[in-house]
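Single-structure report; data block below.
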Amino acid sequence: MMSVPTRAIVLLSGGLDSATAAAIARDQGFEVCALSFRYGQRHAVEIERAAKIASFFQVARHVVIDINLHQFGGSALTDRHLAVPKSDSADDIGSDIPITYVPARNTIFLSFALAWSEVLKANDIFIGVNSLDYSGYPDCRPEYIQAFEAMANLATKANVAGHRQTRIHTPLISWTKAEIIRKGLELGVDYSMTSSCYDPTDDGLACGHCDSCLLRLRGFEQNGIRDPIKYV
C-alpha cells in the first residue's frame, strides 16, 4: 500500500523566498497546500506570481485570502500616500525598521495558516522568513517564530486534545539571499516566475531600488548569475 504524503501549508507570497520555501517543503516529501493573501498591498502582482508558482509545483491546493490591511494603513506597502524607500545599493539599507513594515502581517498570515492546518489535519507550516538579508522586520526573527509556535500549540482544539503538534518551519531563516537562491536553483525553482519588488510598475516591472530589489539583485550577483526578472 502506498503511503499518503504528509500535508504542509506553505505561505506563498509570490516572492523569491516563499518560492524557495515551497520547493524545500516539496523536496522534504510534503504534499504542499499553498496559502496567499491579497491584503491591499501595492505590489499585488505577487498574487499572480504566486498562482504561477503554485501551478509550477503542482500544489494540492492554492487558496488566496482577501483581507484589507489598506484600511489600517501604517505601511508604505498598504498606503499609497507613503513612499517606498529607495537606495542605490544594498549597503545603503538602514538598520531601523522601515516604513515598508506592515503591522503584525506575519502574525495575521500565520493565524490563517494555523486555522487551515487544523481543518486539513496538517502539523506543518512553512514560512520563508529570513533574519539575515532582510529589511529588519520584527516578525522575521527566530524568537518571534518560536513564540508563535508555542502559542499555536495552546490555541487549537487539535493541539489541546493531544491529537497533533504544530511545527512552524523556517528553512531560510539563517541564510543569506545568495544561499537561498543557490538552494532554490538546486531544487529547480524558476525565479523568473517570482516578484520581490515593493513598488513595481503597473505592468509588473521591478523598480530595482527598493530594499527587496536590492537584496535580491545582490543575491544573484553573489552567485555570478543574472536575475531573470525584468526591471525598469
Side-chain angles (χ1 to χ4, degrees), residues 6-26 30-55 57 59-75 77-79 100-130 134 137-161 163-173 194-196 198:
T6 303
R7 286 175 172 166
I9 294 172
V10 177
L11 293 177
L12 188 65
S13 70
L16 181 155
D17 294 339
S18 70
T20 308
I24 290 171
R26 191 179 68 157
F30 288 101
E31 178 187 66
V32 173
C33 296
L35 184 60
S36 305
F37 295 87
R38 189 182 291 108
Y39 61 93
Q41 67 269 48
R42 69 197 301 155
H43 54 312
V45 64
E46 66 179 9
I47 299 301
E48 172 196 322
R49 304 301 172 85
K52 289 183 178 180
I53 296 164
S55 177
F57 286 132
V59 303
R61 289 185 65 185
H62 180 211
V63 172
V64 179
I65 301 291
D66 284 285
I67 51 177
N68 191 2
L69 299 183
H70 172 69
Q71 294 179 99
F72 299 154
S75 168
L77 299 191
T78 57
D79 186 342
T100 51
Y101 163 69
V102 179
R105 180 177 60 179
N106 282 346
T107 302
I108 294 167
F109 290 177
L110 283 168
S111 296
F112 274 87
L114 179 62
W116 196 25
S117 74
E118 188 166 26
V119 174
L120 294 179
K121 297 180 175 60
N123 295 349
D124 301 275
I125 298 171
F126 281 74
I127 181 170
V129 294
N130 175 262
Y134 77 125
Y137 300 149
D139 52 3
C140 291
R141 297 172 299 156
E143 53 266 45
Y144 163 76
I145 296 297
Q146 291 164 9
F148 189 95
E149 182 178 272
M151 181 279 297
N153 282 295
L154 297 171
T156 66
K157 177 182 175 181
N159 288 2
V160 172
H163 298 158
R164 67 185 184 90
Q165 191 79 6
T166 296
R167 295 181 293 266
I168 311 295
H169 298 257
T170 56
L172 318 181
I173 201 159
T194 65
S195 176
S196 302
Y198 290 153

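The two residues Ala60 and Cys33 have their closest heavy-atom pair at CB-SG, 4.2 Å. Considering every non-hydrogen atom in both Ala19 and Thr194, the closest pair reads CB-CG2, 3.8 Å. In terms of heavy-atom proximity, Asp17 sits nearest to Gly128 at CB-O, 3.4 Å. The two atoms that bring Thr166 and Leu114 nearest to each other are OG1-CD1, 3.9 Å, heavy atoms only. Between Lys157 and Glu118, the shortest heavy-atom distance links the atoms N-OE2, 2.9 Å. Nearest heavy atom pair, residue Ser117 against residue Arg164, reads OG-NH2, 3.3 Å.
Screening residues 62-71 for salt bridge (charged side-chain N to carboxylate O under 4.0 Å, His left out), with sequence neighbours left out, gives Arg38-Asp66. Applying the salt bridge (charged side-chain N to carboxylate O under 4.0 Å, His left out) test to every pair with at least one member in residues 143-153, sequence neighbours left out, gives these pairs: Arg141-Glu143.
Residue Glu46 holds its CD atom at 9.5 Å from CD1 of Ile53, rounded to the nearest 0.5 Å. Taking CD1 from Ile125 and CZ from Arg7, the interatomic distance works out to 14.0 Å, rounded to the nearest 0.5 Å. To the nearest 0.5 Å, the span separating CG on Asp79 from CG on Leu69 amounts to 12.0 Å. The OG1 atom of Thr78 lies 10.0 Å from the NE2 atom of His43; values are rounded to the nearest 0.5 Å.
Scored by the side chain to side chain contact (heavy atoms under 4.5 Å, CB included) test, Thr20 finds Leu16, Ile24, Leu172, Ile180, Tyr191 as partners (sequence neighbours excluded). For Ser195, the side chain to side chain contact (heavy atoms under 4.5 Å, CB included) partners are Val45, Arg49, not counting sequence neighbours. For Lys52, the salt bridge (Lys or Arg N to Asp or Glu O under 4.0 Å) test picks out Glu48, with sequence neighbours left out. The side chain to side chain donor-acceptor pair (under 3.5 Å) search around Arg61 returns none, not counting sequence neighbours.
With no hydrogens or angles considered, no side-chain donor-acceptor pair links Asn123 and Thr6 at under 3.5 Å.
Distance alone, capped at 3.5 Å, is enough to place a donor-acceptor pair between the Ser36 side chain and the Leu12 backbone. Of the possible donor and acceptor atoms, none in the side chain of Asp124 sits under 3.5 Å from a partner among the backbone N and O of His169. The main-chain N or O of Val129 is never found under 3.5 Å from a side-chain atom of Thr170 such that the two would form a donor-acceptor pair.
Each of Phe126, Tyr39, Trp116 was checked for a ring-ring contact (aromatic ring centres under 6.0 Å, His included) with Phe109, and the lone residue meeting it is Tyr39.
In this pair, Tyr101 and Tyr137 present their aromatic rings tilted. The plane angle is within the 30 to 60° band. By the 30° and 60° cut-offs, the orientation of the rings of Phe37 relative to Phe112 is perpendicular. Below 30°, between 30° and 60°, or above 60°: for Tyr144 and Phe148 the angle between ring planes is between 30° and 60°, a tilted geometry.
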Step by step, would you call Asp139 with Thr107 a side chain to side chain donor-acceptor pair (under 3.5 Å)?
CA-CA 7 Å; Asp139 52 3; Thr107 302; 5.5 Å; no

Walk me through whether Arg105 and Ser75 qualify under side chain to side chain donor-acceptor pair (under 3.5 Å).
CA-CA 11 Å; Arg105 180 177 60 179; Ser75 168; over 6 Å; no

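At a threshold of 4.5 Å between non-hydrogen side-chain atoms, the residues Ile127 and Ile145 count as touching. Ile108 places none of its side-chain heavy atoms less than 4.5 Å from the side chain of Val102.
Heavy-atom contacts from other residues, nucleotides or ligands closer than 6.0 Å to NE2 of His62 number more than 12.
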